[in-house]
Amino acid sequence: MRIVFMGTPDFAVAALNRIAEAGHEILAVYTQPDRPKGRSGKLVPSPVKEAAEKLGVPVKQPVKLKAEMEEHVAYLQSLAPEMIVVAAFGQILPEAILQIPPLGCVNIHASLLPKYRGAAPIERSILDGEEKTGITTMLMAKGLDTGDILEQAETPILPTDTGESLTERLAGMGGELILSTMDKLARGEIKSVKQDDALATYAAMLNKEMGELDFSCTAAEAERKIRALTPRPGAYTSLDGEKRLILTEAQITDGSGEPGTILEVTKKYFTVACGNGALKIKKLQPEGKKPMDAAAFLNGNRLQPGEKMKRLGGEPVA
């Protein structure tokens with residue numbers, strides 16, 4: 001099959017590579033422009049661009065597809081793809097592009113639609129305490145993740161899953177499911193199913209500020225937040241009110257006290273009170289430093305029971 005692929009992050013790479021491995025002809029890859037990274041501001045290509053270049057596929061990086069629509073509609077029409085496959089591309093496709101491939105534009109979405117439409121379905125499913133999630137392939141339409149469902153595959157959300165581990169698992173599932181969907185569409189053996197909009201939920205984009213912990217929630221909620229936002233954008237608190245202390249692994253435990261108060265300090269961990277229960281902090285990353293286990297952190301930081309975590313700016317967390 002003649003394919004155009006559109007995607008940007010690591011999540012999309014598995015699907016791109018599996019499509020290539022299966023022998024489909026990838027005519028072009030669309031991805032987001034290179035972005036500045038780190039203090040140097042050096043421009044870095046997206047993971048999908050790097051993968052496409054290894055495959056020797058032409059790459060297009062429109063700043064805004066809608067603003068450059070005429071140029072890209074003409075280009076895509078000249079390629080005459082049978083299908084456009086989209087996986088976390090990061091831009092809305094104009095209707096004129098949706099109409100180009102005869103087999104449609106097929107999106108690989110990391111949730112069991114209609115739940116968790118939007119930009120951050122993986123992290124939001126962990127945050128909300130969902131027991132399962134999955135991959136949906138769908139025919140793209142004008143709305144946000146509103147198109148008809150083609151196929152779905154489920155996976156449990158494990159108690160140890162982080163945003164990173166669940167993304168990796170779903171990426172692999174997406175690579176397998178899109179091959180199944182492509183094959184069935186080509187043979188006319190798939191029947192799409194309309195989404196029930198009444199069951200729809202929205203997974204809003206993540207931002208750095210949402211990662212701040214106030215510990216007034218339950219220990220279970222705080223622990224899910226830490227897992228969901230690892231590695232990005234990170235769940236954090238502060239000891240001095242100035243520098244972020246990103247928490248990367250915690251364990252729910254018994255304990256009570258004013259939320260945000262350090263209840264216990266050992267050689268291997270420290271315990272912080274939540275609104276209900278407490279958290280043993282086992283791994284973390286101080287601002288400007290590498291991730292480390294709590295034992296290494298405590299070797300250089302003398303914490304005492306009774307100390308309180310602070311919000312950035314110096315206010316107590318609760």
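None of the values given here were measured: they were computed from a predicted structure.
- In the displayed structure, K283 atom NZ is contacted under 6.0 Å by at most 12 heavy atoms of other residues, nucleotides or ligands.
- When the options T8, T31, D10, D34 are evaluated for a side chain to side chain donor-acceptor pair (under 3.5 Å) with S46, the one that passes is T31.
- Defined by atom type and a distance below 3.5 Å, a donor-acceptor pair is missing between the side-chain atoms of H109 and Y116.
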**Message:** side-chain contact (heavy atoms from CB on, under 4.5 Å), that's the test. Do M83 and M182 meet it? Break it down for me.
**Reply:** CA-CA 8 Å; M83 182 186 297; M182 289 168 64; 3.7 Å; yes
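- Within the cation-pi definition used here (under 6.0 Å to the ring centroid, within 45° of the axis), K280 does not qualify as a partner of F270.
- Atom NZ of K310 has more than 12 neighbouring heavy atoms from other residues, nucleotides or ligands inside a 6.0 Å radius.
- Between the side chains of T181 and E151, at least one donor N or O sits under 3.5 Å from an acceptor N or O.
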**Request:** Just do the side-chain contact (heavy atoms from CB on, under 4.5 Å) check on E130 and T133 with the steps written out, would you?
**Result:** CA-CA 7 Å; E130 294 285 344; T133 185; 5.9 Å; no
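- By the 6.0 Å and 45° rule, R117 does not stack over the aromatic ring of Y202.
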**Message:** Run Y236 and L213 through side-chain contact (heavy atoms from CB on, under 4.5 Å) and show every step you take.
**Reply:** CA-CA 6 Å; Y236 63 90; L213 292 158; over 6 Å; no
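- Atom CD in E249 sits 9.5 Å away from atom OG1 in T160 (nearest 0.5 Å).
- You'll find the side chain of S125 reaches within 4.5 Å of the side chain of I157, heavy atoms only.
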